[in-house]
Amino acid sequence: MTGKIEKSPSPSEVGFSLMSRRTLLASAAAVAAGGVVLAACGDDEDEGGSGGGGGDAGGEVTFGSNYSDEKPKAAMQAAIDSAGLNVKVNTVDHNTYQENFNTYVQQPDDVMCWFAGYRMRAFAGKGVLGDISDVWGNLPDMSEGFKNAATGLDGKQYFVPFYFYPWAIHYRKSLFEEKGYAIPNNWAELLELCEKMVADGITPFAAANDGGWPQMGMFDMINLRTNGYDFHVSLMGGKESWTDDKVKQVFTNWGTILDYYQPDVNGRTWQDAATALGNKEAGMYLLGTFVTSNFDAETQQDIIDDIDFFAFPIIDPVHGKDAVEAPIDGFMMAKSPKNEAGAKALLTALGGAAAIDAFLAVDPSSVAANSKAKTDGYNALQQKSAELVGSAKYIAQFLDRDTDPDFAAKVVGKAIQDFLADPSSIDTVLSTVEEQKQTYTFE
Amino acid sequence: MIGTSTVSTDIAQAAPPRGRRRRFSQLSRRDKTVLFVMVGIPAFIHIALVWVPALLTAILSFMKWDNVRPVDTAEAVGFRNYWEIFTIFDNQLFPALFNNLVLIVWLFLCSAVGILLAYLLDKNLKGTRVYQSIYYFPVVLSVAVVGFIWKSVMFNRDAGLLNILWPGDPIDFVGDQSKLFEFNLPLLDFPLGLSTNFAALLVAMAWRHIGYIMVLYLAGLKSFDPSLREAASIDGCNEWQTFRRVVFPGLKPINVVVAVITVIEALRAYDIVAALSEPRGTEVMGTLVTNSLTGEGGGYAGRGSAFGMVLFLLCIGFIIWYVINNFRERDA
């Protein structure tokens with residue numbers, strides 16, 4: 001793997017740093033002026049774009065969607081409608097979709113929803129995805145970093161990014177104001193804040209791990225702050241030993257805040273932990289910005305408005321707060337779609353600003369990947385997400401998106417559960433991970 | 001319902017007319033055609049849908065295949081998958097095998113309770129239908145639903161019914177993997193034992209299994225000749241003796257079915273564990289197999305097949321034992 005391909009988008013490329021937005025717009029405009037037709041409407045665009053493909057862009061395109069919850073489903077429909085194409089949407093429950101993806105990808109719909117990073121690359125490497133490098137010629141608003149995140153190991157593009165959502169420590173503004181808490185900038189301040197909360201009878205950290213994935217975020221963040229982004233990438237790539245002192249240090253650091261966790265982490269769902277944050281029983285909660293979706297927009301809007309987040313505090317000043325986790329969701333094309341021209345037209349449209357604007361208008365819980373998407377309609381949390389990602393130097397995906405998902409779920413996920421159940425067992429746990437790691441190829 | 005139909009065929013077979021073999025040769029041409037259609041087609045479907053996949057799984061368990069590329073990219077690796085699951089993934093395989101073993105013992109206990117309930121309900125108590133419905137209710141629900149009910153309504157640590165009623169510190173029924181008891185086996189570098197969350201799952205499984213066995217046994221009891229019972233009571237048997245000496249032996253075919261179902265249920269346990277997203281400590285063979293073969297991480301078809309073959313050999317061992325026993329008795 002080359003370093004370039006592994007890199008997720010860097011913040012200036014993401015284009016949400018408010019400082020640099022203007023320059024980005026200018027450069028995007030320059031590209032457009034340079035002769036690339038902006039793909040606002042797939043129909044018109046396609047005839048010139050991908051003449052080689054079979055099918056007719058006006059014909060029916062099938063679209064495999066895992067946006068099965070009510071709100072995202074409506075949002076996705078709005079995005080599709082904005083493309084103005086003849087699209088047949090097949091929506092599958094998102095858990096089922098993910099679980100059956102191995103089978104599904106062999107006979108998929110023309111265009112399908114998926115995730116960036118290792119998860120896309122693994123399938124691209126197995127030759128079951130369609131090369132959409134030519135579509136990228138029509139996506140001038142996607143920055144170089146997103147292009148890298150959409151590129152397979154062979155240097156071709158297989159993915160169109162749609163949006164992303166960062167992981168950060170969420171808190172309730174009113175609680176922090178009321179108790180006079182300050183946002184911790186480094187690890188010592190974080191521990192100090194935890195002590196204050198304990199003294200005030202508040203559990204410092206809401207914490208969940210049902211399903212085995214929520215605490216992967218905590219591992220990632222402590223690892224990124226302790227050992228830096230490059231180490232994260234090479235650890236996820238199977239190139240580092242899990243019995244290394246650097247990995248042990250992550251768990252040692254983690255151990256110091258475990259006392260401030262809600263008890264019994266392993267069986268709690270992320271929703272229950274979010275409820276504890278909402279009730280002000282717990283002070284802080286590390287999760288993706290989707291945490292707000294636990295609260296009902298009708299009756300709990302005051303809680304949603306009261307939730308804010310801050311970047312994970314500094315552990316090692318060398319790394320500062322240079323990395324953030326922000327998984328990217330988007331689309332891929334089948335290897336041999338029934339309607340290739342239509343599929344590419346749809347992908348071009350979905351990569352455009354109009355589609356993501358339509359999506360976020362319905363479901364504003366994430367941030368657009370397209371640098372020309374409307375940001376003036378962003379709510380405070382979206383604005384902040386953009387700033388958070390903009391102020392970071394590196395963007396990681398997530399533990400189970402940056403490495404072999406089987407290794408993530410069955411080896412690291414189990415290890416984290418074992419660690420949380422008995423932190424003193426960490427040496428055994430890590431040597432088991434290292435042993436089991438040897439059976440994975442990380443290709 | 002599958003259970004009862006098995007019962008009736010079993011009863012029919014339990015009293016076979018003597019000299020069946022001689023009669024077989026007397027089949028007319030038409031009989032043979034009917035026999036071919038009625039036995040041949042199901043047999044063909046059975047072989048195509050059960051034994052061919054089983055054979056393919058056996059072959060896959062000696063291969064390395066990512067489940068995505070064309071199948072001709074699979075390469076033979078000998079016994080490596082087996083070596084991997086028995087030595088490297090031993091911390092997943094052996095707890096799962098142990099949990100399945102615990103399940104066999106536990107479900108037999110539950111079957112006994114089911115039989116007891118059936119026996120009581122057969123007494124035409126007042127409101128027996130109501131009781132029957134209550135006990136049978138969990139069986140009507142899909143097992144996945146049973147899993148979700150227990151997970152979110154009963155076991156939830158922060159708001160679950162059991163934790164509201166429980167006077168002490170809340171218990172994490174879903175995630176607590178600490179062992180209630182444990183012991184060490186010679187070659188394993190970790191202890192085996194019954195973890196708290198699996199013990200909690202056992203309760204949920206009992207809730208369902210008891211009703212299932214109860215209905216099955218109740219059907220048998222209804223068909224039991226009441227005159228035998230009368231005779232027993234005239235001979236001075238008390239309730240327990242009547243059951244132990246007359247009813248229970250008289251329902252032998254159903255007892256066998258109950259035993260078979262109990263073992264099969266214990267070995268194939270999957271759904272409730274999966275509905276609780278298989279927290280550490282609750283793994284059973286069924287979830288190990290499925291998680292390795294399907295899902296996003298299902299890129300290790302060989303290893304998953306090896307897990308599958310371990311489960312398959314356990315099941316087939318039991319089935320062979322059962323078939324041999326059954327035929328031996330009939331021939332006798």
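Letters go in sequence order (proteins before strands), and every chain restarts at 1.
With 3.5 Å as the limit, one finds a donor-acceptor pair spanning the side chains of A/Asp272 and B/Asn156. No side-chain N or O of A/Asp422 forms a donor-acceptor pair with one of B/Gln177 less than 3.5 Å apart. Defined by atom type and a distance below 3.5 Å, a donor-acceptor pair is missing between the side-chain atoms of B/Asp158 and A/Gln262.
The part of B/Pro170 that comes within reach of chain A is its backbone (N, CA, C, O), which places non-hydrogen atoms under 4.5 angstrom from that chain. Heavy atoms of A/Thr441 lying under 4.5 Å from chain B belong to its backbone as well as its side chain. In this structure, chain B has heavy atoms under 4.5 Å from both the backbone and the side chain of A/Gln417. In this structure, chain A has a heavy atom under 4.5 Å from the backbone of B/Leu276, while its side chain stays farther away.
Taking a 6.0 Å sphere around CG of B/Leu165, one finds it holds more than 12 heavy atoms contributed by other residues, nucleotides or ligands. Heavy-atom contacts from other residues, nucleotides or ligands closer than 6.0 Å to NZ of A/Lys156 number 12 or fewer. Surrounding CD of A/Gln438 are more than 12 heavy atoms belonging to other residues, nucleotides or ligands, all under 6.0 Å away. For B/Glu75, the CD atom counts as densely surrounded, since its 6.0 Å shell holds more than 12 non-hydrogen atoms of other residues, nucleotides or ligands. Remark: A/Phe290 CZ is packed, more than 12 non-hydrogen atoms of other residues, nucleotides or ligands lying under 6.0 Å away. Within 6.0 Å of CZ on B/Phe183 lie more than 12 heavy atoms contributed by other residues, nucleotides or ligands. Heavy atoms from other residues, nucleotides or ligands lying under 6.0 Å from CG of A/Asp296 number more than 12.
In this structure, the side chain of A/Asn102 does not engage the main chain of B/Val68 through any donor-acceptor pair within 3.5 Å. With B/Gln92 contributing its side chain and A/Lys410 its backbone, the two residues share a donor-acceptor pair below 3.5 Å.
A/Lys126 is not listed as a side-chain neighbour of B/Thr73, based on a closest heavy-atom distance of 4.5 Å or more. The shortest distance between side-chain heavy atoms of A/Thr439 and B/Phe89 falls below 4.5 Å. Using a 4.5 Å heavy-atom threshold, the side chains of A/Asp210 and B/Val174 count as touching. Between A/Leu420 and B/Arg280 there is no side-chain heavy-atom pair separated by less than 4.5 Å. Using a 4.5 Å heavy-atom cutoff, the side chains of B/Tyr300 and A/Asp404 are in contact.
Atom CG of B/Asp90 and atom OG1 of A/Thr432 lie 8.0 Å apart (nearest 0.5 Å).
With chain B as partner, the option from A/Gly211, A/Pro263, A/Ala276, A/Gly413 having the largest number of non-hydrogen pairs under 4.5 angstrom is A/Pro263.
Note on B/Glu278 versus A/Lys414: salt bridge recorded, some NZ/NE/NH1/NH2 to OD/OE distance being below 4.0 Å.
The heavy-atom pair separating B/Arg157 from A/Asp264 by the smallest distance is NE-OD2, 2.7 Å.
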CA sep, side-chain torsions, deciding dist, call: A/Gln436, B/Asn91, side-chain hydrogen bond (donor to acceptor under 3.5 Å, both in side chains) | CA-CA 10 Å; A/Gln436 296 181 344; B/Asn91 73 335; 2.9 Å; yes
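The side-chain tip of B/Arg303 points at the ring of A/Tyr440 from less than 6.0 angstrom away and within 45° of straight on.
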